[in-house]
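The structure displayed is predicted, hence computed values, not measured ones.
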Amino acid sequence: MIKFSPGVHFTNLHGTSFAEEAIAALENPTLSPEEVANTITSLCREVVKATPPSEEANGGDDTPGLEGFLWDIWNAVVTIAEEDTSSHDRLAAILPAIKAKGKSGCEGWRIWGNDFDWANLPVYGPAVRESMNGPSPATENQWIDYHDSSQSECRAALAGDPPTDSPASRAGAAARKRWLNLNAFLARLWALGVMDCTMYGISTMRMELEPYSLPPEKRPPTEAYGIQEIEVENAAIWVRIAGKRMFECREILGPKGNPNWDPQYGAAGSSGGTWEGVDGYHPERWALWKSIFGKIANEGGRQNMVDAAKVSVAASHRPSRALTICQQVAVVAMEQIEREAAPRSTDNEAIQ
């Protein structure tokens with residue numbers, strides 16, 4: 001069975017055995033995405049049949065048993081993605097297979113006040129959001145507050161240092177792995193058109209890259225709380241995997257650029273540094289990101305991609321080198337995206 005990350009647990013007591021069977025299908029590499037989708041949707045129907053009508057998760061007209069089963073399945077998808085990058089392509093194929101089920105076999109079901117439709121992957125978005133609050137290091141007994149400067153071993157592991165034998169260091173290394181893997185998975189889902197991750201992409205750049213356009217004393221607290229290596233590496237992951245989407249996107253996620261923006265949704269696209277334009281994606285903002293990556297790479301002493309390749313083996317043991325390699329890769333990826341997109345859009349001529 002899957003080994004859940006801290007904070008992931010079963011929520012539906014009536015459907016636990018069905019959820020375990022569904023999760024086993026998710027983990028079984030011999031099953032095709034269509035077979036996994038058939039298993040999950042079939043077991044979901046069994047859960048609904050087995051759950052007494054009086055068991056209503058949120059009251060109202062929600063279908064009893066449905067929400068708990070969905071939380072279990074989607075939490076498992078998140079956990080698998082966090083633990084194993086080799087699962088990403090398979091999971092990215094399973095989700096569309098589930099979406100393709102639509103309303104078949106679940107006519108009349110309700111979830112959170114809406115008609116149920118697998119095409120919307122109900123509850124999957126909230127399940128992902130629960131895990132997108134930054135790295136979460138924990139030992140067997142407690143969470144580690146790595147914001148505390150006294151947790152130097154945990155912070156060093158989060159930054160990329162090889163873990164030591166201390167529980168805090170091991171927890172930091174595990175949290176780093178889960179955080180970067182999950183972001184890579186979401187970027188892949190966006191790149192493949194499986195899930196709209198415009199908000200996560202812009203939030204990552206705003207919180208984890210743009211602060212480095214400011215002097216150190218003016219940088220705001222960020223999602224990883226000032227651990228530069230993991231912050232900038234994560235931003236580079238989004239550019240490397242979903243850069244084409246980011247480059248071509250023009251979505252506004254805030255009031256600057258959209259006077260009708262509803263303030264209750266916050267402003268995910270607002271500036272995290274020196275950017276003064278719209279609250280969202282823009283060619284000039286892309287150029288700013290590239291310049292920040294370039295600045296960090298130059299400050300780190302990286303000569304070029306050739307030099308970076310020569311020290312790539314040693315980089316895994318030297319976090320500062322790993323960081324600058326990541327930035328050079330990001331810059332090269334961004335330039336490649338620009339070259340491929342330029343012939344198709346005159347808007348991109350502003351990016352040089």
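- Note that NZ of K218 is 11.0 Å distant from OG1 of T274, once rounded to the nearest 0.5 Å.
- A donor-acceptor pair under 3.5 Å is absent between the side-chain atoms of S42 and the main chain of T39, judged by distance alone.
- Between L186 and W238 there is a side-chain heavy-atom pair separated by less than 4.5 Å.
- Annotation: side chain of L158 is not in contact with side chain of E229 (no heavy-atom distance under 4.5 Å).
- With contacts defined as side-chain heavy-atom distances shorter than 4.5 Å, the pair L209/T204 does not qualify.
- Put simply, CG on L182 and CD1 on I80 are 12.5 Å apart, with the number rounded to the nearest 0.5 Å.
- Counting non-hydrogen atoms of neighbouring residues, nucleotides and ligands closer than 6.0 angstrom, the CD atom of E107 exceeds 12 such neighbours.
- To the nearest 0.5 Å, atoms CG (D115) and SG (C106) are separated by 9.5 Å.
- In this structure, CG in N114 is found 8.5 Å from CG in N120, a value given to the nearest 0.5 Å.
- Side-chain contact check for Q228 versus I296: some heavy-atom pair is nearer than 4.5 Å.
- When all heavy atoms of I40 and A22 are compared, the closest pair comes out as CG1-CB, 4.1 Å.
- The two residues I144 and A171 come nearest to each other via the heavy atoms CD1-CB, 3.6 Å.
- Look at E233 and R176 and you find a salt bridge, because one of the NZ, NE, NH1 or NH2 atoms lies within 4.0 Å of a carboxylate O, short of that distance.
- A donor-acceptor pair is defined here as one N or O able to donate and one able to accept, closer than 3.5 Å; such a pair exists between the side chain of T63 and the backbone of R110.
- Interatomic distance, OG1 of T51 versus CZ of F18, reported as 8.0 Å (0.5 Å rounding).
- Shortest non-hydrogen contact noted between V239 and M205 is CG2-CE, 3.7 Å.
- Side-chain contact check for W275 and E284: no donor-acceptor pair (N or O, by modelled atom type) lies under 3.5 Å.
- Between W118 and W74, the angle of the ring planes goes over 60°, which puts this pair in the perpendicular group of the 30/60° scheme.
- Proximity of a side-chain donor or acceptor of N38 to a complementary backbone N or O of E34 within less than 3.5 Å is detected.
- Residue S87 comes nearest to A81 through the heavy atom pair OG-CA, 4.0 Å, listed as atom of the first residue, atom of the second, then distance.
- In this structure, the side chains of I252 and W261 stay at 4.5 Å or more apart for every pair of heavy atoms.
- Contact between G269 and R285 at its shortest, heavy atoms only, is O-NH1, 2.6 Å.
- Side chain of R245 to main chain of W190: a donor-acceptor pair is present (N/O by atom type, distance under 3.5 Å, no hydrogens or angles).
- The main-chain N or O of A24 is never found under 3.5 Å from a side-chain atom of N28 such that the two would form a donor-acceptor pair.
- Between K177 and E83 there is a salt bridge, since at least one side-chain N of the basic residue sits less than 4.0 Å from a carboxylate O of the acidic one.
- Considering CZ of F185 and CG of L91, their distance stands at 4.5 Å, rounded to 0.5 Å.
- No more than 12 heavy atoms of other residues, nucleotides or ligands sit less than 6.0 Å from atom CG of D165.
- At least one side-chain heavy atom of E153 sits less than 4.5 Å from a side-chain heavy atom of T164.
- Between E208 and V232 there is no side-chain heavy-atom pair separated by less than 4.5 Å.
- Under the 3.5 Å distance criterion, the side-chain polar atoms of N234 are left unmatched by any main-chain donor or acceptor of I230.
- Between the side chain of Y281 and the backbone N or O of T198 there is at least one donor-acceptor pair closer than 3.5 Å.
- In the hydrophobic clustering of ILVMFWY residues, with side-chain heavy atoms under 4.5 Å counting as a link, W112 and I98 come out together.
- For the pair R206 (side chain) and G272 (backbone), a donor-acceptor distance under 3.5 Å is absent.
- Using a distance-only test at 3.5 Å, with no hydrogens or angles considered, a donor-acceptor pair links the side chain of R90 to the main chain of L26.
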Original post:
Does the pair I237 and R240 meet the rule for a side chain to side chain contact (heavy atoms under 4.5 Å, CB included), with working shown?
Top reply: CA-CA 5 Å; I237 283 172; R240 177 173 57 83; 4.1 Å; yes
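- At a threshold of 4.5 Å between non-hydrogen side-chain atoms, the residues M132 and W179 count as touching.
- Using modelled atom types, no side-chain atom of S203 and backbone atom of Y200 make a donor-acceptor pair closer than 3.5 Å.
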